[in-house]
Amino acid sequence: MKQENIRNIAIIAHVDHGKTTLVDKLLSQSGTFRENEQVADRVMDSGDLEREKGITILAKNTAITYGDYKINIVDTPGHADFGGEVERIMKMVDGVLLVVDAFEGCMPQTRFVLKKALEQKLTPIVVINKMDREFARPLEVIDEVIDLFIDLGADEDQLEFPVIFASGIAGIATDDLEVEAVDLKPLYKAIIEHIPSPKGDVEGPLQAQITLMDYNDFLGRIAVCTINRGTVKTGQMVAMQTREGKVKQARISKLFGFQGLKKFEIESASVGEIVAIAGLGEINVGETICDPANIEPMEFLKIEEPTLEMSFMVNNSPFAGKDGDPVTSRKLSARLFKEMETDIALKVTPTDNADTFKVAGRGELHLSILIETMRREGMEFQVSKPQVVIKDIDGVKCEPYEALTVDVPEEYMGPVMEKLGIRKGEMTNMQNFNGQTRLEYIIPARGLVGFRTEFLTDTRGYGIMNSVFDSYRPYSGNIVGRRTGALLVFETGTTTAYGLFPAEERGTLFIGAGMDVYEGMIIGEGNREQDIAVNVCKGKNLTNVRASSKDDTVRLKTPRDMSLEECIAFLNDDEYLEVTPNFLRLRKRFLKAKDRVNYAKQQQQANQ
């Protein structure tokens, strides 16, 4: 493929603004699939967790042919917690499609992804998506986008961006609101006309930076990269420089190109093409593949630091090893450091305790996806309550703050504002449109830990909240956490309906009858601030005296089913979450009552 006929673009947007659906239609209308081929919706979201949660977690690339042109498309996550995926692919492409919802307009992640694109001097095309949505306001949204470009310091060339009005789900687009949209040809045309072709010397020595990773059981690690300079061939000797400055050489065993959803073997590729390279051995994201005679590494990817951390621990509960594979500290360490090789926004740090590791990420969702992935691999381990990463800046203790955007129906605005005020949130803007109120806050990241569940309850599920990292600011003092105590198991055994029935009066239960439990395990949320130990394993005493009336059957309320995210949000400082392939068990850090009393006294003395 001629260099001038290649276009490399990334699709960037806030979560749920329709990136992946738009890619679906771009693929189908380009003739990538056969007419009778069965293709799933959101075909780029290929992971199980991505399909279950309805979000993109990993950046993925595809390629389509349109006329004489080859368009390489990289689909990126829209959630702020996976911003590291967006940051690293910016060096793969020459332009971006900024997708903005025609009703919601610019949201926190819109700002984040556009900022990263403008920093790399990429050429933007703005797509106002979901034009078929009720109360769509495209002209107002364009004004918001222009204000955002100006606010982020875009140059004159970047401000001259073309605008396409589209409905991704319908597969139609137009560049003029007066002209009825029929298909996506106006979008293809805009990409070809406005996105520049890759720049680079075809005759120069090879240079390509690894930005994505793949794995194959037969080929091992596979590097996905854009060729910045030169030509790469199967069987060619190449050199790579690591972060530590070491140079290692390898021979390319196989070279793959992309077309649609498939990889196919090729003999060679040159400047601008996105390829997958096998045979490089132990490689990592950010390393540069060079000509051995001319080792010239590209600048390593700069990724924003993680802001939230959790402790991952070897499972030491009484039920350890009963459900999944018993995990030693060596196995846990190996798995976490393996994850860090591909997820460059993740940071793993050993602690003084050999069985505990600090894992830092971009947010609760980022870490919960890692936990769920490890759980599905059959691993057993424990995690602690998420804590923000505190920094010392010029001698001042600072913590991360988030830019929070909340959309709520007007009738639920009061409780939300009250809760955010308690959590040290500072309102910066408020807008009303069509019965909805948009509240914008700057709030400590600590204040958002565990807030989502409360927020959905207060808004009866109608509220939408999104946040993105803003900056580090001086520490804001104590923030009130969970105000209710926990219902604790008094003794190890199996729960009975007879034992659970009186416990219902003391709070909300998380488990039903017939479950194995151990002392110190949390089985519910109490009505009071103090923790309460309840004997849920006791059985009804049997006698040989027959009652004159039939015994009433004990009827229990349906227990609250706690998801992984809800369990993490529930945790207090002295509590752990035990994660196994089939169970999520909340527990106290100290299982024995006397140990908990001693710990509480120590904490009280420390706070005085």
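- Residue pairs meeting the ring pair (Phe, Tyr, Trp, His ring centres under 6.0 Å) criterion with at least one member in residues 447-471, sequence neighbours excluded: F451-F455, F469-Y472.
- Here R335 pairs with E339, T373, M374, E377, M379 under the side chain to side chain contact (heavy atoms under 4.5 Å, CB included) rule; sequence neighbours left out.
- Under the rule for a ring-ring contact (aromatic ring centres under 6.0 Å, His included), Y441 has no partner lying at least two apart in sequence or in another chain.
- Applying the ring pair (Phe, Tyr, Trp, His ring centres under 6.0 Å) test to every pair with at least one member in residues 360-384, sequence neighbours left out, gives these pairs: F82-H366, F312-F381.
- Here E380 pairs with nothing under the salt bridge (Lys or Arg N to Asp or Glu O under 4.0 Å) rule; sequence neighbours left out.
- F570 is linked by a ring-ring contact (aromatic ring centres under 6.0 Å, His included) to F510, counting only residues two or more places apart in sequence or in another chain.
- Residues satisfying the side chain to side chain contact (heavy atoms under 4.5 Å, CB included) test with K25, not counting sequence neighbours, are S28, L184.
- Every residue meeting the side chain to side chain contact (heavy atoms under 4.5 Å, CB included) condition with D155, not counting sequence neighbours, appears here in chain and number order: K121, D157, Q158.
- Judged as a side chain to side chain donor-acceptor pair (under 3.5 Å), the pairs with a partner in residues 91-102 (not counting sequence neighbours) are, in order, D101-R133.
- Salt-bridge formation is detected for the pair K347/E305: a Lys NZ or Arg NE/NH1/NH2 atom is positioned less than 4.0 Å from an Asp or Glu carboxylate oxygen.
- We find that D175 and K189 are not joined by a salt bridge, their nearest charged nitrogen and carboxylate oxygen being 4.0 Å or further apart.
- E426 meets the salt bridge (Lys or Arg N to Asp or Glu O under 4.0 Å) test with no other residue; sequence neighbours excluded.
- Within a 6.0 Å radius of CD1 in I442, other residues, nucleotides and ligands contribute more than 12 heavy atoms.
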Run the side chain to side chain contact (heavy atoms under 4.5 Å, CB included) test on L187 and L97 for me, step by step, so that the C-alpha distance in whole Å, both residues' side-chain angles and the decisive distance to 0.1 Å come before the verdict. CA-CA 10 Å; L187 182 54; L97 293 187; 4.2 Å; yes
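- In summary, E454 and K419 engage in a salt bridge, as defined by a charged side-chain N under 4.0 Å from a carboxylate O.
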List the steps, then state whether side chain to side chain contact (heavy atoms under 4.5 Å, CB included) holds for R446 with E399. CA-CA 8 Å; R446 281 184 302 139; E399 65 175 332; 2.6 Å; yes
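- There is no side-chain donor-acceptor pair under 3.5 Å between K130 and S167.
- Considering only residues two or more places apart in sequence or on other chains, F149 meets the ring-ring contact (aromatic ring centres under 6.0 Å, His included) condition with F161.
- When the ring-ring contact (aromatic ring centres under 6.0 Å, His included) test is applied to Y401, no partner is found at least two apart in sequence or on another chain.
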